[in-house]
Undergrad: 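Input: one structure, supplied below.
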Amino acid sequence: MSEITGLAFKARELDAGDELAGVRARFVLDDVVYLDGNSLGALPAAVPGRVDDVVRRQWGELRIRSWEESGWWTAPERIGDRIAPLVGAAAGQIVVGDSTSVNVFKALVGAVRMARLAGQERDEIVVDATTFPTDGYIAGSAARLTGCTLRAVTPAEVRGVLGDRTAAVLLNHVDYRTGRLHDLPGLTAAVHAAGAVVVWDLCHSAGALPVGLDAHGVDLAVGCTYKYLNGGPGSPAYLYVRHDVQDRFDSPLPGWNSHAEPFGMRPDYTPAAGASRGRVGTPDILSMLALEAALEVWDGVPVESVRAKSLALTDFFLECVAAYVPAGRVESLTPVAHEERGSQVALRCADAEAVMKRLIERGVVGDFRHPDVLRFGFTPLYVGFADVERAAAVLARTWGDGGGAG
Ligand SMILES: *Cc1c(COP(=O)(O)O)cnc(C)c1O
């Protein structure tokens, strides 16, 4: 009992010293402990009003004039530039649009084509065998289309399979299941040393920790915007193409929006310069402008502060779980070392699906990943330390009142 009081007290102190505590007011939230922002970020308060304006005024009144007057046409690049500082990229290298899956396709086929420009016959694509499934499926198709062999290996094995046959390597920055953070600088350097091109999937890192795309010389990257970037269900993804490889990026989906002169309506394709080369067709304006409003929650919020709080939150959750949950009930899959940890905690436990259902009924929302994983995502913009303590206490109680938190 004294331990519980102690951790609740500690939570209060940590919340009092939290420089990001005020950012929570920029979101629409209730008293549910929402630990699923790594799947669907919460609603930023600015979004409903913006969507209303986009629909009623921009579409309803200005109609076609909005492509110019409301900045619709340039939204993919403009919003890309808003995401850029969050992933350590200078302006002019990111376009927003399409789903992550589609951008993985563009990036990976583009990467193979780029690798072959050097003249060597490179015929292997390396992919993380533990990846979020869509990346693996797309990589398989990209391999067939480009005449490559697909080599699926664990991230720890990647360095050992790189060689002069490697064309492209597709990796996840943070593993969606375990929350493990992979070594982006080191693996990028290893891929480059082999003469190959690297594509990073940032779905579980962008908005949760510094990525440093430019600093580490990443070639291509993709990510979604509905997890830690809170863009809303199905909000468009983004594609990063580093400045000095943009001229060599040959998109496998060269739609009219990526033409150098989209309104020239020419029969022959000439790619646009710059990040716009990653565009395809008409952008999904309603979702995209909802995302633009959502990104305003980042005003004045350094991603380094977000990372510091994220690590403090996950450390504190592990501490509370260790104190409250009876021994042997759960086993953490999340690395203890900070340099290997994303912004989530994954706990393996028997009957995980039923346990998560009980948690959700009691106001703590995480998610279940097949077959036996409880996943808890910590979005530092709106999750506090008292939430973390409560989540662990409720988790302990799912095994009955004798569970240590009574
Ligand atoms: C969430 C996620 C996706 C989602 O792909 P969509 O095309 O946006 O549905 C892809 N890859 C990874 C690693 C993810 O975590």
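Start at 1 with the first residue, then count along the sequence.
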Undergrad: Could you check whether any side-chain N or O of Asp123 sits under 3.5 Å from a backbone N or O of Cys148, counting only pairs where one atom can act as donor and the other as acceptor?
TA: no

Undergrad: Looking at Arg57 and Glu61, is there a salt bridge between them, counting it only when a charged N and a carboxylate O are closer than 4.0 Å?
TA: no

Undergrad: My understanding is that only residues two or more places apart in sequence, or in another chain, count here; which of them pass ring pair (Phe, Tyr, Trp, His ring centres under 6.0 Å) with Trp298?
TA: none

Undergrad: Pairs under 3.5 angstrom only: tabulate donor-acceptor contacts from the side chains of residues 28-42 to other protein residues two or more places apart or in another chain.
TA:
residue : atom : partner : partner atom : Å
Asp30   : OD1  : Val32   : N            : 3.0
Tyr34   : OH   : Leu40   : O            : 2.6
Asn38   : ND2  : Gln344  : OE1          : 2.9

Undergrad: Kindly compute the distance separating CG (Leu181) from CG (Asn172), expressed to the nearest 0.5 Å.
TA: 11.5 Å

Undergrad: Could you walk me through whether Thr225 and Ser235 pass the side chain to side chain donor-acceptor pair (under 3.5 Å) check?
TA: CA-CA 6 Å; Thr225 61; Ser235 59; 2.6 Å; yes

Undergrad: Whether the Ser101 and Thr134 side chains hold a donor-acceptor pair (N or O, under 3.5 Å, no angle test) is what I'd like checked.
TA: yes

Undergrad: Between Asp219 and Arg248, is there a salt bridge with N-O shorter than 4.0 Å?
TA: no

Undergrad: Can a donor-acceptor pair be found, under 3.5 Å and without considering hydrogens, that links the side chain of Arg341 to the backbone of Pro335?
TA: yes

Undergrad: Would you say Ser258 and Val280 make side-chain contact, with heavy atoms under 4.5 Å?
TA: no

Undergrad: Does Asp299 come within less than 4.0 Å of Arg26, counting only side-chain N to carboxylate O?
TA: no

Undergrad: Checking side-chain polar atoms at under 3.5 Å, does Thr188 have a donor or acceptor matched by the opposite partner on Trp200?
TA: yes

Undergrad: Just by modelled atom types, is the Ala272 backbone N or O under 3.5 Å from a matching donor or acceptor in the Arg277 side chain?
TA: yes

Undergrad: Looking at Glu353 and Lys357, is any side-chain nitrogen of the basic one under 4.0 Å from a carboxylate oxygen of the acidic one?
TA: no

Undergrad: Taking 4.0 angstrom as the limit, do Arg165 and Glu121 come out as a salt bridge?
TA: no

Undergrad: In terms of the angle between their ring planes, are Phe132 and Tyr176 parallel, tilted or perpendicular, with boundaries placed at 30° and 60°?
TA: perpendicular

Undergrad: Measure from the side-chain N and O atoms of Asp201 to the backbone N and O of Gly223, and report whether any donor-acceptor pair falls under 3.5 Å.
TA: no

Undergrad: Fit a plane to each ring of Trp72 and Trp67, take the angle between them on a 0 to 90° scale, and name the class: parallel (under 30°), tilted (30 to 60°) or perpendicular (over 60°).
TA: perpendicular

Undergrad: Is it true that a side-chain atom of Lys106 and a backbone atom of Pro254 form a donor plus acceptor pair closer than 3.5 Å?
TA: no

Undergrad: Is Arg122 reaching over with its side chain to a backbone N or O of Thr166, donor-acceptor style, under 3.5 angstrom?
TA: yes

Undergrad: What is the ring orientation for Phe263 with Trp256, classed by angle as parallel under 30°, tilted 30 to 60°, or perpendicular over 60°?
TA: perpendicular

Undergrad: Identify the heavy atoms of Asp135 and Leu170 that sit nearest to each other, and give their distance.
TA: O-CD2, 3.7 Å

Undergrad: Considering residues, nucleotides and ligands other than Trp59, do more than 12 of their heavy atoms fall under 6.0 Å from its CH2?
TA: no

Undergrad: Between Asp244 and Arg242, is the closest basic N to carboxylate O distance under 4.0 Å?
TA: yes

Undergrad: Got a second to check how far Ser310's OG is from His338's NE2, nearest 0.5 Å?
TA: 9.0 Å

Undergrad: Got a second to check how far Leu145's CG is from Leu108's CG, nearest 0.5 Å?
TA: 10.5 Å

Undergrad: Donor-acceptor pair, Ser66 side chain versus Leu62 backbone, under 3.5 Å?
TA: no

Undergrad: After noting the C-alpha distance and the side-chain angles of Tyr238 and Val87, does the key distance pass the side-chain contact (heavy atoms from CB on, under 4.5 Å) rule?
TA: CA-CA 11 Å; Tyr238 57 90; Val87 291; 4.1 Å; yes

Undergrad: Is it the case that the side chains of Asp214 and Tyr240 hold a donor-acceptor pair, with the cut-off being a distance below 3.5 Å and no angle test?
TA: yes

Undergrad: Assess whether side chain to side chain donor-acceptor pair (under 3.5 Å) is satisfied between Asp175 and Thr178, documenting all intermediate values.
TA: CA-CA 6 Å; Asp175 184 280; Thr178 60; 3.2 Å; yes

Undergrad: Among side-chain atoms of Thr334 and Arg180, is any donor-acceptor pair under 3.5 angstrom?
TA: no

Undergrad: Only one of Glu292, Glu296, Gln58 clears side-chain hydrogen bond (donor to acceptor under 3.5 Å, both in side chains) with Arg50; which?
TA: Glu296

Undergrad: Any donor and acceptor pair, going by atom type alone, linking the side chain of Thr379 with main-chain N or O of Leu381 inside 3.5 Å?
TA: no

Undergrad: Mark yes when over 12 heavy atoms from residues, nucleotides or ligands other than Tyr269 sit less than 6.0 Å from its OH; otherwise mark no.
TA: yes

Undergrad: Between Thr270 and Glu261, do the side chains contain a donor N or O and an acceptor N or O under 3.5 Å apart?
TA: no

Undergrad: Scan side-chain atoms only and decide if Thr154 and Glu157 contain a donor-acceptor pair under the 3.5 Å cut-off.
TA: yes

Undergrad: For the side chain of Ser141 and the backbone of Ile138, is there at least one donor-acceptor N/O pair under 3.5 Å apart?
TA: no

